[in-house]
Amino acid sequence: MEGLKNILRDEFNKRPAGIDMLDSLWTASVLLPLVMKEDGPHILFEVRAKDLKRQPGEICFPGGKHECKDESYKVTCIRETCEELGLEPEDIEILGEQDSLVTFRGPIIHIFVGIIKHPERIKASKSEVDEIFTVPLRFFMETEPRIGLVNLIDEPIEDYPYELVPERYVGQRKLGAYKVYFYEYEDRVIWGLTARFIYAFLQRHKQNLLNLKGGIL
């Protein structure tokens with residue numbers, strides 16, 4: 001027993017507990033980028049290039065998949081933002097990290113909030129970004145998003161071993177629903193995870209921003 005305990009202790013001490021990735025989960029980092037304009041702080045958005053295989057033409061934040069070479073999720077966030085917006089790391093000031101989001105489809109997303117100090121230096125990558133635009137932070141603080149619900153269904157595939165489970169687990173089961181957020185600004189619709197990141201940001205910081213002496217808007 002002592003040998004078993006020593007082996008397990010050594011293995012546990014090699015790395016801290018993380019997230020079970022056996023279901024082929026993957027990790028990513030995004031930046032919620034703030035820029036300063038004459039009328040106050042704005043949030044910057046990208047419109048994904050139309051010839052991208054994944055989510056072409058959709059509105060999003062800079063970011064992407066975490067790679068082994070990245071020392072941290074913060075490094076991933078900065079690297080991806082620099083690649084997409086043609087910036088240098090010193091152009092980005094990271095203020096902090098929001099709560100991470102584990103999506104039901106797999107990505108574990110680490111969300112950072114930061115300031116792009118020199119937005120005039122942005123030269124968006126044409127292969128990834130069709131355009132960029134900004135929306136006043138004031139708009140999101142004054143606007144409640146529309147919310148839609150999507151059902152989650154537990155539906156086993158054909159070769160599922162039904163004979164090994166109790167009868168009550170056989171067949172399709174509804175597991176509940178998740179919220180999808182929508183912000184409508186002028187002729188644009190900001191929705192999905194991007195809208196959720198904004199909503200979560202405001203849930204955490206809105207009151208403190210409103211109480212800020214001198215205001216932010």
Side-chain angles (χ1 to χ4, degrees), residues 1-34 53-55 60-84 87-115 150-181 192-208:
M1 183 63 73
E2 285 301 318
L4 173 64
K5 290 193 294 184
N6 290 335
I7 288 174
L8 292 178
R9 283 197 187 100
D10 288 343
E11 287 298 318
F12 284 128
N13 289 331
K14 284 181 181 178
R15 69 167 178 84
I19 295 175
D20 184 332
M21 306 288 278
L22 292 180
D23 288 326
S24 300
L25 301 180
W26 54 281
T27 55
S29 290
V30 301
L31 176 68
L32 193 161
L34 301 170
K53 293 182 179 179
R54 186 169 175 269
Q55 298 174 310
C60 67
F61 287 137
K65 189 173 182 180
H66 178 71
E67 298 181 0
C68 294
K69 66 181 180 181
D70 296 333
E71 296 178 358
S72 66
Y73 296 113
K74 179 179 176 180
V75 168
T76 302
C77 173
I78 294 172
R79 174 181 57 77
E80 287 284 343
T81 301
C82 288
E83 291 175 2
E84 294 172 20
L87 296 171
E88 297 296 329
E90 55 267 26
D91 295 324
I92 304 165
E93 180 183 354
I94 299 295
L95 302 178
E97 184 175 4
Q98 287 280 113
D99 294 331
S100 300
L101 174 64
V102 181
T103 70
F104 72 93
R105 289 179 295 181
I108 301 169
I109 305 175
H110 298 263
I111 306 105
F112 293 84
V113 177
I115 295 175
V150 177
N151 284 330
L152 287 173
I153 303 295
D154 182 2
E155 185 175 16
I157 59 176
E158 292 181 0
D159 63 349
Y160 189 82
Y162 286 109
E163 71 277 8
L164 300 180
V165 299
E167 185 176 348
R168 65 180 180 276
Y169 291 109
V170 174
Q172 186 185 86
R173 293 182 299 156
K174 182 179 176 181
L175 299 180
Y178 67 92
K179 295 178 180 179
V180 180
Y181 298 85
L193 291 182
T194 302
R196 176 167 175 159
F197 299 152
I198 296 169
Y199 184 79
F201 169 76
L202 292 175
Q203 287 293 105
R204 180 171 179 177
H205 303 292
K206 182 177 180 179
Q207 194 56 53
N208 286 333

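What you see is a predicted model; the values in this text were computed from it and never measured.
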Indicate every side-chain donor-acceptor pair of residues 87-95 with a distance under 3.5 Å to a residue at least two apart or in another chain.
{"unit_1": "Asp91", "atom_1": "OD1", "unit_2": "Arg121", "atom_2": "NH1", "d": "2.7"}
{"unit_1": "Asp91", "atom_1": "OD2", "unit_2": "Glu88", "atom_2": "N", "d": "2.9"}

### Where Ile111 and Asp99 come nearest, the two heavy atoms and their spacing
CD1-O, 3.3 Å

### Message
What's the separation between atom CG in Asn13 and atom CG in Leu8, rounded to the nearest 0.5 Å?
### Response
10.5 Å

### Message
My understanding is that only residues two or more places apart in sequence, or in another chain, count here; which of them pass salt bridge (charged side-chain N to carboxylate O under 4.0 Å, His left out) with Arg196?
### Response
none

### Task
Please check if atom CD in Glu158 has more than 12 non-hydrogen atoms from other residues, nucleotides or ligands closer than 6.0 Å.
no

#### Entry: From CZ (Arg79) to CD (Glu84), nearest 0.5 Å
9.5 Å

### Check: Glu80 and Pro62 side chains under 4.5 Å, non-hydrogen atoms
no

### Task
If the plane angle is over 60° it's perpendicular, under 30° parallel, otherwise tilted; pick one for Tyr73 and His66.
tilted

### Taking every non-hydrogen atom, the tightest pair across Phe112 and Ser29
CE1-OG, 4.1 Å

### Summary
On a heavy-atom basis, the closest approach of Gly64 and Thr76 is O-CG2, 3.8 Å

## Note on the structure
Across all chains, not counting sequence neighbours, the salt bridge (charged side-chain N to carboxylate O under 4.0 Å, His left out) partners of Glu11 are Lys14

### Verdict with reasoning, Phe61 to Leu31, per side chain to side chain contact (heavy atoms under 4.5 Å, CB included)
CA-CA 6 Å; Phe61 287 137; Leu31 176 68; 5.8 Å; no

#### Entry: Closest approach of Pro156 to Tyr162 (non-hydrogen atoms, all atoms of both residues)
CB-OH, 3.6 Å

### Task
Could you pull out the closest heavy-atom pair between Glu97 and Arg204, with the gap in Å?
O-NH1, 3.6 Å

### Task
Over all heavy atoms of both residues, which pair between Gln98 and His205 is shortest? Give the atoms and the distance, please.
OE1-NE2, 2.8 Å

### Task
Report yes if some heavy atom in the side chain of Ile109 is under 4.5 Å from a heavy atom in the side chain of Phe197; otherwise report no.
yes

### Query
Rounded to the nearest 0.5 Å, how far does CG of Leu4 lie from CZ of Arg9?
9.5 Å

